[in-house]
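The chain is numbered in sequence order, starting from 1.
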Amino acid sequence: MCFNAPVSISVFTLGLICLGIMVSRKLYFFSVFYLFIIIMQLLEYFAHISLTNNDSKLNKLTASFALLLLFLQPVIFSLYACLIENYRKDFLYKILPIIAL
(Lines give C-alpha, C1' and ligand atoms only; values in the text may rest on other atoms or scores of the structure.)
Protein backbone atom coordinates (compact mmCIF):
# COMPACT_ATOMS: atom_id res chain seq x y z
CA MET A 1 0.00 0.00 0.00
CA CYS A 2 1.39 3.34 -1.06
CA PHE A 3 1.40 6.39 1.19
CA ASN A 4 -0.02 8.98 -1.23
CA ALA A 5 -1.75 9.39 -4.60
CA PRO A 6 1.28 10.25 -6.80
CA VAL A 7 3.15 7.17 -5.60
CA SER A 8 0.10 4.96 -6.23
CA ILE A 9 -0.34 6.20 -9.79
CA SER A 10 3.42 5.88 -10.42
CA VAL A 11 3.40 2.28 -9.21
CA PHE A 12 0.33 1.63 -11.37
CA THR A 13 2.14 3.01 -14.44
CA LEU A 14 5.28 1.03 -13.72
CA GLY A 15 3.14 -2.05 -13.18
CA LEU A 16 1.52 -1.62 -16.59
CA ILE A 17 4.94 -1.43 -18.21
CA CYS A 18 6.08 -4.57 -16.40
CA LEU A 19 2.82 -6.32 -17.31
CA GLY A 20 3.45 -5.50 -20.95
CA ILE A 21 6.90 -7.06 -20.69
CA MET A 22 5.45 -10.17 -19.04
CA VAL A 23 2.80 -10.55 -21.73
CA SER A 24 5.39 -10.07 -24.49
CA ARG A 25 7.41 -12.90 -22.93
CA LYS A 26 4.23 -15.02 -22.90
CA LEU A 27 4.10 -15.39 -19.11
CA TYR A 28 0.32 -15.35 -19.13
CA PHE A 29 -0.16 -17.41 -15.98
CA PHE A 30 1.78 -14.96 -13.81
CA SER A 31 0.40 -11.96 -15.69
CA VAL A 32 -3.13 -12.80 -14.55
CA PHE A 33 -2.05 -12.63 -10.91
CA TYR A 34 0.01 -9.49 -11.47
CA LEU A 35 -2.93 -7.76 -13.14
CA PHE A 36 -4.86 -7.85 -9.87
CA ILE A 37 -2.00 -6.14 -8.06
CA ILE A 38 -1.94 -3.39 -10.68
CA ILE A 39 -5.69 -2.84 -10.47
CA MET A 40 -5.41 -2.61 -6.69
CA GLN A 41 -2.84 0.17 -7.10
CA LEU A 42 -5.30 2.10 -9.27
CA LEU A 43 -8.00 1.64 -6.65
CA GLU A 44 -5.58 2.91 -4.00
CA TYR A 45 -5.00 6.01 -6.11
CA PHE A 46 -8.73 6.75 -6.17
CA ALA A 47 -8.93 6.08 -2.43
CA HIS A 48 -6.20 8.64 -1.77
CA ILE A 49 -7.98 11.14 -4.02
CA SER A 50 -11.25 10.57 -2.17
CA LEU A 51 -9.57 11.12 1.19
CA THR A 52 -7.89 14.31 -0.02
CA ASN A 53 -11.16 15.73 -1.40
CA ASN A 54 -13.35 14.44 1.46
CA ASP A 55 -15.49 12.62 -1.09
CA SER A 56 -17.30 9.91 0.86
CA LYS A 57 -19.11 8.52 -2.22
CA LEU A 58 -15.85 7.89 -4.07
CA ASN A 59 -14.34 6.41 -0.91
CA LYS A 60 -17.24 3.95 -0.51
CA LEU A 61 -17.15 3.07 -4.20
CA THR A 62 -13.40 2.46 -4.09
CA ALA A 63 -13.70 0.33 -0.97
CA SER A 64 -16.47 -1.71 -2.59
CA PHE A 65 -14.43 -2.33 -5.72
CA ALA A 66 -11.38 -3.27 -3.64
CA LEU A 67 -13.43 -5.81 -1.70
CA LEU A 68 -14.85 -7.20 -4.93
CA LEU A 69 -11.35 -7.41 -6.40
CA LEU A 70 -10.05 -9.26 -3.34
CA PHE A 71 -12.92 -11.71 -3.61
CA LEU A 72 -12.54 -12.28 -7.36
CA GLN A 73 -8.76 -12.65 -7.35
CA PRO A 74 -8.51 -16.27 -6.10
CA VAL A 75 -11.63 -17.27 -8.03
CA ILE A 76 -10.41 -16.00 -11.40
CA PHE A 77 -6.84 -17.15 -10.82
CA SER A 78 -7.99 -20.66 -9.91
CA LEU A 79 -10.38 -20.87 -12.84
CA TYR A 80 -7.63 -19.72 -15.18
CA ALA A 81 -5.24 -22.30 -13.77
CA CYS A 82 -7.76 -25.13 -13.98
CA LEU A 83 -9.58 -24.39 -17.22
CA ILE A 84 -6.91 -22.91 -19.44
CA GLU A 85 -3.46 -23.86 -18.20
CA ASN A 86 -4.40 -27.38 -17.09
CA TYR A 87 -4.91 -28.49 -20.69
CA ARG A 88 -1.40 -27.54 -21.73
CA LYS A 89 1.15 -30.26 -21.00
CA ASP A 90 4.12 -27.88 -21.02
CA PHE A 91 2.49 -25.87 -18.21
CA LEU A 92 3.52 -28.46 -15.60
CA TYR A 93 7.12 -28.33 -16.73
CA LYS A 94 7.18 -24.54 -16.49
CA ILE A 95 5.74 -24.39 -12.99
CA LEU A 96 7.58 -27.32 -11.38
CA PRO A 97 11.04 -25.68 -11.28
CA ILE A 98 9.53 -22.67 -9.50
CA ILE A 99 7.87 -24.91 -6.91
CA ALA A 100 11.11 -26.83 -6.37
CA LEU A 101 12.88 -23.65 -5.26
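Under the 4.5 Å side-chain heavy-atom criterion for grouping Ile, Leu, Val, Met, Phe, Trp and Tyr, Tyr28 is connected to Phe30 within one hydrophobic cluster. By the criterion of side-chain heavy atoms lying less than 4.5 angstrom apart, applied directly or through intervening Ile, Leu, Val, Met, Phe, Trp or Tyr residues, Leu43 is not grouped with Leu14; the two fall into different hydrophobic clusters. The same ILVMFWY cluster, assembled from side-chain heavy atoms under 4.5 Å apart, contains both Phe12 and Leu61. Criterion: ILVMFWY side-chain heavy atoms under 4.5 Å apart, direct or through other members. Under it, Leu51 and Phe46 are not part of a common hydrophobic cluster.
The two residues Ser10 and Pro6 come nearest to each other via the heavy atoms OG-O, 2.7 Å.
Atom NE2 of His48 sits about 11.0 Å away from atom CG of Asn59, to the nearest 0.5 Å. Residue Asp55 holds its CG atom at 8.5 Å from OG1 of Thr62, rounded to the nearest 0.5 Å. Atom-to-atom distance recorded for Thr13:OG1 and Gln41:CD is 10.5 Å, nearest 0.5 angstrom. How far CD1 of Ile49 is from OG1 of Thr52: 5.5 Å, rounded to the nearest 0.5 Å.
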Identify all side-chain donor-acceptor contacts of residues 67-79 below 3.5 Å with residues at least two apart in sequence or on another chain.
from  : atom 1 : to    : atom 2 : distance (Å)
Ser78 : OG     : Pro74 : O      : 2.8

List, one per line, each side-chain donor-acceptor pair under 3.5 Å for residues 31-38, sequence neighbours excluded.
from  : atom 1 : to    : atom 2 : distance (Å)
Ser31 : OG     : Leu27 : O      : 2.7

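In this structure, the side chain to side chain contact (heavy atoms under 4.5 Å, CB included) partners of Val7, at least two apart in sequence or on a different chain, are Cys2, Phe3, Asn4, Val11.
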